[in-house]
Every structure is written in structure tokens, then in C-alpha cells.
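Residue numbers begin at 1 in each chain, while the letters A, B, ... track the order of the sequences.
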Number of protein chains: 2
Amino acid sequence: MNIGEVAKATGLPAKTIRYYEDIKLVRPARAGNGYRDYARDDVHRLAFIQRARGLGFTINECRQLLSLYDDESRSSADVKALAVEKLSEIDRKLDELNSLRATLKSLADHCHGDDRPECPIIEEFARGPAS
Amino acid sequence: MNIGEVAKATGLPAKTIRYYEDIKLVRPARAGNGYRDYARDDVHRLAFIQRARGLGFTINECRQLLSLYDDESRSSADVKALAVEKLSEIDRKLDELNSLRATLKSLADHCHGDDRPECPIIEEFARGPAS
DNA sequence: ATTTGACCTTCCTGTGACTGGAAGCCCGAT
DNA sequence: ATCGGGCTTCCAGTCACAGGAAGGTCAAAT
């Protein structure tokens, strides 16, 4: 399978697939003409990575996940631990984003949004946090 | 004011403050000994940037905000537009994170998390999205 | 007067996860 | 034969810094 087909099959850009080879997440064979030649296993691996990345795992976490995946004697506890950690990370981000949203919303709500130069948003930035 | 004091006053690392000078967000004077010498105005600018960054504005958006801030004849509508755009961006991120959280949570909940090698998380990754 | 130690300077490199582009093979069809 | 598309490598850029080396400066303690 050529890289273009793999790109279509996985939804990953070819550039990204080459990058994943660069950092040794995948090791495709080479055809006689120098083209990368992906086996079914490579494609699975790439699809695996794509889904894990989409769930917010970093490349290094994907690497861990893959080694766990490769390891027949892994325990599901290892994998779960990673997922649980990711979950609390996501919760932290959610909190941050929510409070950020609230601040920004109240700022925007109090801004009349016309041609006058007075603007509570700018003033807030200039003045400092809720004093 | 030396960079260290500014760092303390604004909460920004000195490295970051120098970086902001590099990309021309601030232009502090220099003392005779070559040290950066920050005026009150520079410190305000930096604090401004810090708060805007903390609210999720990118450096370039900060630049826009600053030019708006510098511009006596700005309209508050310009600033509000930026804030409103940021808001919907945040909402998009919140949605993404929430659905990501849900997926990961259900995966983790279905994982018994013991020593057995079977693991629904790994299987999900290997199999592909909800089939 | 010297020596510490903290602070400051510049410059270079690295991060994460790609993305874009240039220069140049390769392959199938016309 | 040549054309378009796909493939290759390599280099550079992105964003917003962070880390560290090599060296100048300053205030205080010895």
C-alpha cells in the first residue's frame, strides 16, 4: 500500500504519516522503487495512533499505548491508569476554559460595542484583574 | 525597573518578558550598564498582555488588542468583536473536550483494570471508532 | 580590596506536532 | 514523448516560549 492510499484509509495527511515514521512510531517496508510500502499492520498502527491522538493523547502517550498494545502480557490496569490520568487532565482543562469563558462573557456583555472609544474590555485589561 | 522586578510585579518569567521584547510587544529603555529599564507604562503593557494571554488570546490577538489600546480613536465595537470571536472559539473547544471526556470516561468505566491483558480501551483503539 | 552570589546580558538550541515548499524521481495514460 | 499526479528527500517555519552556556555588573560581606 502506498502512502496516499494509507492517507485516505486512515484520514491522516501523508506528511503526518512520514513524520510518524521519522519519530519511529511506524516502520513501513520499502518497495523496489523506494516508495514506502505499508502492510496491513502498519495501517492498523496508524489508525490506532490517529484515534488516540484524537482523544487527546500526546505522541509519547501514544508510544506508551502502542508498547502496551504490542505487549501480549500487558495488564489492563496499565492502560486504564493512562486513561484515568488523561480524564483528570481533561477536567482541569474544562474548568479553566469554563472560568475563562465566564470572564470573557461578562466582559463582552458589558461592552456596548459602538463607536465610542470607552470599552470595558480594554479597561479591564488596563486596570488589572477584578480589583 | 529591572527585569527581575518586572517579572515579580507581573508574574511573567524574565525569559518571557525578553521574548516579548524580541517580538516587539514592548520596547523598554536601556540603562547605562546595558540593563533593560522598564517604565511604568511598559509594566502596564506587560500586565495587559499577561491577562489577555491568560484569557486565551494569542500573541497576535494581543498585538491587535494593544494597537486598539494604543489607539485613542478606537471603537469599542472592534474590541468586542475580538472578544466575541474568542468566545465562540472557546465554546467550540468546550464541546470537543466534553465529547472527548465522554468517550474516554465510558472506555475507562468499562475497563476492569486488573492484571488480565484484555482491555476495552486497547480494543477500541485497535478496532476503530464505534462500529 | 577582593570575593562571593545574585542578577543581568546575548546567543543558540530544543520543544510538540506537525505543515509548507522546493527539487527531483517514478508511473500510467495519451 | 510527454503530461499529470504521486512519490521521494531535505530544509524551513510555526507558536510561545524554556533551558543553558558564557560572560558582564552590582551590592554586600569578608
Side-chain angles (χ1 to χ4, degrees), chain A residues 1-39 42-43 45-66 82 85-86 89-90 93 96 100, chain B residues 1-39 42-43 45-66 86 89-90 93 96 100:
Chain A
M1 225 174 161
N2 278 355
I3 200 169
E5 306 170 64
V6 178
K8 248 175 227 157
T10 59
L12 290 167
K15 273 261 168 184
T16 302
I17 298 176
R18 286 195 202 96
Y19 171 69
Y20 285 164
E21 180 179 357
D22 229 50
I23 62 172
K24 273 139 210 178
L25 284 182
V26 229
R27 297 165 184 280
R30 292 292 175 136
N33 55 7
Y35 285 20
R36 287 166 180 84
D37 185 15
Y38 293 87
D42 298 321
V43 181
R45 250 181 126 70
L46 284 167
F48 182 115
I49 296 166
Q50 200 237 13
R51 285 187 294 274
R53 289 283 302 126
L55 285 176
F57 290 87
T58 68
I59 290 287
N60 267 337
E61 284 163 342
C62 287
R63 217 185 283 278
Q64 285 176 62
L65 247 12
L66 279 172
L82 228 57
E85 202 182 318
K86 258 297 154 214
E89 210 172 290
I90 288 170
K93 272 190 200 162
E96 262 180 58
L100 203 147
Chain B
M1 223 174 163
N2 277 356
I3 199 169
E5 306 169 65
V6 178
K8 246 173 227 159
T10 60
L12 290 166
K15 274 265 169 184
T16 302
I17 298 176
R18 285 194 203 97
Y19 170 69
Y20 287 164
E21 180 178 356
D22 229 50
I23 62 173
K24 274 140 210 178
L25 283 182
V26 227
R27 299 165 183 281
R30 293 292 174 134
N33 54 7
Y35 285 19
R36 286 167 181 84
D37 185 15
Y38 293 87
D42 298 320
V43 181
R45 249 181 126 71
L46 285 167
F48 182 116
I49 297 166
Q50 200 236 16
R51 284 189 293 274
R53 291 281 302 125
L55 285 176
F57 290 86
T58 68
I59 291 287
N60 267 335
E61 285 163 340
C62 287
R63 217 185 283 279
Q64 285 176 62
L65 247 13
L66 279 172
K86 257 298 154 215
E89 212 173 289
I90 287 170
K93 273 192 197 161
E96 263 179 57
L100 202 147

Scanning both residues in full, the closest heavy-atom pair of A/Arg63 with A/Ile23 reads NH1-O, 2.9 Å

Nearest heavy-atom approach of B/Asp42 to B/Asp37 is OD2-O, 4.3 Å

Discussion item. Any side-chain N or O of B/Tyr20 below 4.0 angstrom from OP1/OP2 of D/dC17?
Written reply: yes

Note to self: Counting only side-chain nitrogens and oxygens, does B/Thr16 get under 4.0 Å of the OP1 or OP2 atom of D/dA18?
What the structure shows: yes

Measuring from [X]:[atom1] to [Y]:[atom2], what's the distance to the nearest 0.5 Å?
X       : Y       : atom1 : atom2 : value
A/Asn60 : A/Leu25 : CG    : CG    : 8.5 Å
B/Ile59 : B/Arg53 : CD1   : CZ    : 5.0 Å
A/Leu82 : A/Glu61 : CG    : CD    : 5.5 Å
A/Gln50 : A/Cys62 : CD    : SG    : 10.5 Å

Checking D/dA18, D/dC7, C/dA17 against the side chain of A/Ile59 (C-beta onward), the nearest is C/dA17

Rounded to the nearest angstrom, tell me the gap between atom [atom1] in [X] and atom [atom2] in [N].
X       : N      : atom1 : atom2 : value
A/Met1  : D/dG6  : CE    : P     : 15 Å
B/Asn60 : D/dC15 : CG    : P     : 7 Å
A/Phe57 : C/dA17 : CZ    : P     : 13 Å
B/Glu21 : D/dA16 : CD    : C1'   : 16 Å
A/Arg63 : C/dA17 : CZ    : C1'   : 12 Å
B/Tyr19 : D/dA18 : OH    : P     : 10 Å
B/Ile23 : D/dG13 : CD1   : C1'   : 16 Å
A/Ile49 : C/dG16 : CD1   : C1'   : 15 Å

Could you list all N or O pairs between the protein and nucleotides 8-11 of chain D that sit under 3.5 Å apart?
residue	atom	partner	partner atom	Å
D/dT8	OP1	A/Arg36	N	2.6
D/dT8	OP1	A/Arg36	NH1	3.0
D/dT8	OP2	A/Arg18	NE	3.2
D/dT8	OP2	A/Arg18	NH2	3.3
D/dT8	OP2	A/Arg36	NH1	3.2
D/dT8	O5'	A/Arg36	NH1	3.3
D/dT8	O3'	A/Arg30	NH1	3.4
D/dT9	OP1	A/Arg30	NH1	3.2
D/dT9	OP1	A/Arg30	NH2	3.2
D/dT9	OP2	A/Arg36	NH1	3.0
D/dT9	OP2	A/Arg36	NH2	2.7

Tabulate below the donor-acceptor pairs under 3.5 Å that side-chain atoms of residues 7-21 of chain B make, not counting sequence neighbours, or state none.
residue	atom	partner	partner atom	Å
B/Thr10	OG1	B/Val6	O	2.8
B/Thr10	OG1	B/Leu12	N	3.1
B/Glu21	OE1	B/Arg36	NE	2.4
B/Glu21	OE2	B/Arg30	NH2	3.3

Review point. So, does A/Asn33 use its side chain to make a donor-acceptor pair with the main chain of A/Tyr35 at under 3.5 Å?
Key: yes

Would B/Leu55 and B/Lys86 count as a side chain to side chain contact (heavy atoms under 4.5 Å, CB included) here? Give the steps. CA-CA 9 Å; B/Leu55 285 176; B/Lys86 257 298 154 215; over 6 Å; no

Terminal axes of the helix from C/dA1-D/dT30 to C/dT30-D/dA1 (5 end pairs apiece), angle rounded to 10 degrees, sit apart by 30°

